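In this text the structure is predicted, and so the values were computed from the model without any measurement. Computation of the quantities below employed the complete heavy-atom set of this structure, encompassing side-chain atoms and omitting hydrogens, waters and symmetry-equivalent molecules. Here is the naming used below: chain letters follow the sequence lines, and residue numbers restart at 1 for every chain.
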Amino acid sequence: MTAGKNTPLARPRGTRDLLPAEMKRRRFVESRLRDVAERWGYQEVATPAFEPLELFTLKSGEAIVDELYSFTDKGGRPLALRPELTAPVARLYVNELQSAPKPLKLYYFGDCFRYERPQSGRYRQFWQFGIELIGSALPEADAEVIALAQRMLRSVALDVDMHVGSLDVLRVMFCDLDDETCALAMRLIDKGDFDRLGELPGGDRAIDLITAEDPLSEAQNFVALDHLLRVLELLDTLAVSYTVDFGIARGLEYYTGTVFEAYAGTLGAQNQVLGGGSYRLSHLFGGQEVPSTGFGIGFDRIMDAVNPSVPEPPRLLVVPTGDARIYALQVANELRSRFVTDIDVMGRSVRAQLTYANSAGFDYAIIIGKKEMETSKPTLRNLKTGEQESFSVQQIIDRVLSSVEVSQPSR
RNA sequence: GCCGAGGUGGGGUAGCCUGGUAAUCCUAUGGCCCUGUGGAGGCCACGACGCGGGUUCGAAUCUCGCCCUCGGCCCCA
């Protein structure tokens, strides 16, 4: 849509306005994810929305500039809106936390920006929730991160297929190839393009491995799998369900071994909701090399895949008549310390206020006129049942509280 | 960047093929009927042809370009 004489200014392409109902769902899911991450000992960090352009080109190569929102600021600095959060967190680690006690367990939730063609489950501004476990190269670290990933997704009742693989095997199979062919092979594997993969030297072996009935024993013909086997053993102990999948390549050089992805069957073409692995990045940004494992959750994608039942606290509307407005405001203020409480700002009649209360979905009306003011006993009207009676403010609080316990017994 | 389907008040729609008077209906929103008791009803108000060019006496309608949305491809850190 182009802004014209009668057309309103449009939102930028690939972005969304999030309305109250949707924000309730998002905040609810977000709080679940946070809760799980915190219980596992991870602590939140936040990084700037924009970073030096170089941060992302060092990590992913010059070619990604095409898919970045990049710009030069008034001081001539090349900057970019962050397209993901692993590199910023690695930079944060290098700048601030290198001498902190290991392991470092960090999580983040933030919006990212990519200049891509919008489609289902893909936006130009999107949110990632992720964690990074920094400091350990042990299978224990990989297993913890994968288990946490699955626990987080389960906490929002999202059933996914967790696929776990290892780049070690693929790298050994293609080790006799030059870097360029190796990179191409990785990309073809990631895409599942077996036709073109088969044309590469070693490609048939890779296809056999990826499609094998028992990929683990097939892989052991090429390389020792001690690390991966240990990770899987730990995952079994942690009751994580997974599929061994050597078809996960994740394209990038900085991944060191274990890689994993999760897919939600209910989504369309963009069905990957989570991806991660073990990696080393910090040395690229001027720090000491340090082993890390992490993942990112595509928050918008899981929002498309889940259907959370968000608890709705009761909503109260204080309904004053003209001569009791001041007292009604005082009552409203008192009720607000316990409940979601609203009061008319439209100057409406009592009738119109109650009409509004009904159509806006309030649970209770607190009607306050001269009579109620003189006795300090507002009338509490249950808008669902139509019952009403006069009570003191404290009695009103008790009444509403007890109704909450009745309607939401589990907590 | 590519392929396909679309775009009419805030939401949902009729009209388009076959150009023609004031663009249809539902809903939502604000007000009144009704300044102490809601959901109904009546009345009033509000509000749209995505943008621009072309054809024509006349374009929501035909045509071209662009923008945007949806689905898919490419890419996916």
Side-chain angles (χ1 to χ4, degrees), chain A residues 1-17 19 55-68 80 82-90 112-124 126 128 130 186-187 190-191 193 249-255 259 261 267-273 275-277 279 281 284 294-296 298 301 317 319-325 328 344 346-373 378-388 390:
Chain A
M1 192 184 290
T2 305
K5 49 184 192 280
N6 289 322
T7 45
L9 217 50
R11 163 172 30 92
R13 181 162 201 213
T15 62
R16 290 156 296 163
D17 293 317
L19 303 183
L55 179 64
F56 305 111
T57 55
L58 280 173
K59 175 181 178 239
S60 307
E62 290 294 332
I64 63 149
V65 175
D66 289 343
E67 306 200 324
L68 290 176
R82 60 190 180 193
E84 47 98 22
L85 281 159
T86 298
V89 170
C112 301
F113 306 84
R114 294 182 188 177
Y115 196 85
E116 293 183 295
R117 174 79 163 75
Q119 63 186 72
S120 178
R122 179 181 285 184
Y123 306 97
R124 288 184 170 180
F126 60 97
Q128 275 197 349
M186 290 294 179
R187 208 156 24 143
D190 199 37
K191 287 164 59 175
D193 187 344
R250 297 198 64 73
L252 293 165
E253 304 87 56
Y254 57 81
Y255 282 104
V259 286
E261 296 181 343
L267 297 176
Q270 314 296 329
N271 68 343
Q272 188 191 322
V273 296
Y279 63 90
L281 264 182
L284 295 178
F295 63 77
R301 289 188 188 171
L317 181 68
V319 176
T321 62
D323 43 4
R325 184 163 290 267
D344 174 67
M346 299 286 282
R348 286 179 169 127
S349 68
V350 170
R351 179 192 303 274
Q353 290 185 59
L354 287 167
T355 301
Y356 165 74
N358 181 63
S359 61
F362 283 86
D363 299 284
Y364 295 95
I366 318 296
I367 300 163
I368 299 178
K370 204 171 176 186
K371 189 175 66 195
E372 286 83 354
M373 182 167 58
T379 297
L380 175 68
R381 181 175 179 87
N382 182 323
L383 291 165
K384 308 299 177 196
T385 65
E387 295 168 307
Q388 69 176 47
S390 288

Checking A:Gln388 against A:Thr379: is there a side-chain donor and acceptor pair closer than 3.5 Å?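 No.
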Under 3.5 Å for both donor-acceptor distances, Watson-Crick or wobble: does B:U56 have a partner, and if so which one?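 None - no nucleotide pairs with B:U56, as no candidate has both distances under 3.5 Å.
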Does any nucleotide pair with B:G7 by Watson-Crick or G-U wobble geometry, both distances under 3.5 Å, and what is it?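 B:C67 is the nucleotide pairing with B:G7.
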I'd like to know if A:Gln119 reaches the base of B:C75 with its side chain, counting only an N/O donor and acceptor under 3.5 Å.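 Per atom types, no contact qualifies.
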Look at the side chain of A:Arg122 against the base of B:C76 and say whether a donor-acceptor pair falls under 3.5 Å; ignore hydrogens and angles.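 Donor-acceptor pair under 3.5 Å: yes.
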If you look at every strand shown and take non-hydrogen atoms under 4.0 Å, does A:Gly276 touch a base, only sugar-phosphate, or nothing?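 Contact class for A:Gly276: none.
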For each nucleotide in nucleotides 31-38 of chain B, reading 5' to 3', give B when a protein heavy atom comes within less than 4.0 Å of its base, S when such contact involves only the sugar-phosphate, and - otherwise. S--B-BBB
Could you tell me if the side chain of A:Thr86 sits less than 4.5 Å from the side chain of A:Gln128, heavy atoms only?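 A:Gln128 does not reach A:Thr86 side chain to side chain.
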Looking at residues at least two apart in the chain, or sitting in another chain, which of them share a salt bridge (Lys or Arg N to Asp or Glu O under 4.0 Å) with A:Asp66?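 Result, salt bridge (Lys or Arg N to Asp or Glu O under 4.0 Å) vs A:Asp66: none returned.
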Going by the rule salt bridge (Lys or Arg N to Asp or Glu O under 4.0 Å), which residues pair with A:Glu84 if we only count those two or more places apart in sequence or in a different chain?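 Partners of A:Glu84 by the salt bridge (Lys or Arg N to Asp or Glu O under 4.0 Å) criterion, ordered by chain and then number, come out as A:Lys59.
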If only atom types and distance count, is the side chain of A:Arg114 paired as donor or acceptor with the main-chain N or O of A:Pro83 below 3.5 Å?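 Yes, A:Arg114 side chain to A:Pro83 backbone: donor-acceptor pair under 3.5 Å.
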Donor-acceptor pair, A:Arg381 side chain versus A:Tyr364 backbone, under 3.5 Å?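 Checked: no pair found.
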OP1 or OP2 of B:U69 versus the side-chain N and O atoms of A:Arg13: is any pair under 4.0 Å?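 For B:U69, OP1 or OP2 has a side-chain N or O of A:Arg13 closer than 4.0 Å.
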For B:C76, does either OP1 or OP2 sit under 4.0 Å from a side-chain N or O belonging to A:Lys191?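 The answer is no; no side-chain N or O of A:Lys191 sits under 4.0 Å from OP1 or OP2.
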Please tell me which of the listed nucleotides, B:U29, B:C75, B:C74, lies nearest to the side chain of A:Glu67?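 When the side chain of A:Glu67 is considered, B:C75 is the closest of B:U29, B:C75, B:C74.
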B:A77, B:G71, B:C75: which one has an atom nearest the side-chain heavy atoms of A:Ser120?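 Of the candidates, B:G71 comes closest.
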Separation between the C1' atoms of B:G30 and B:C66, rounded to whole Å: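 That atom pair is separated by 37 Å.
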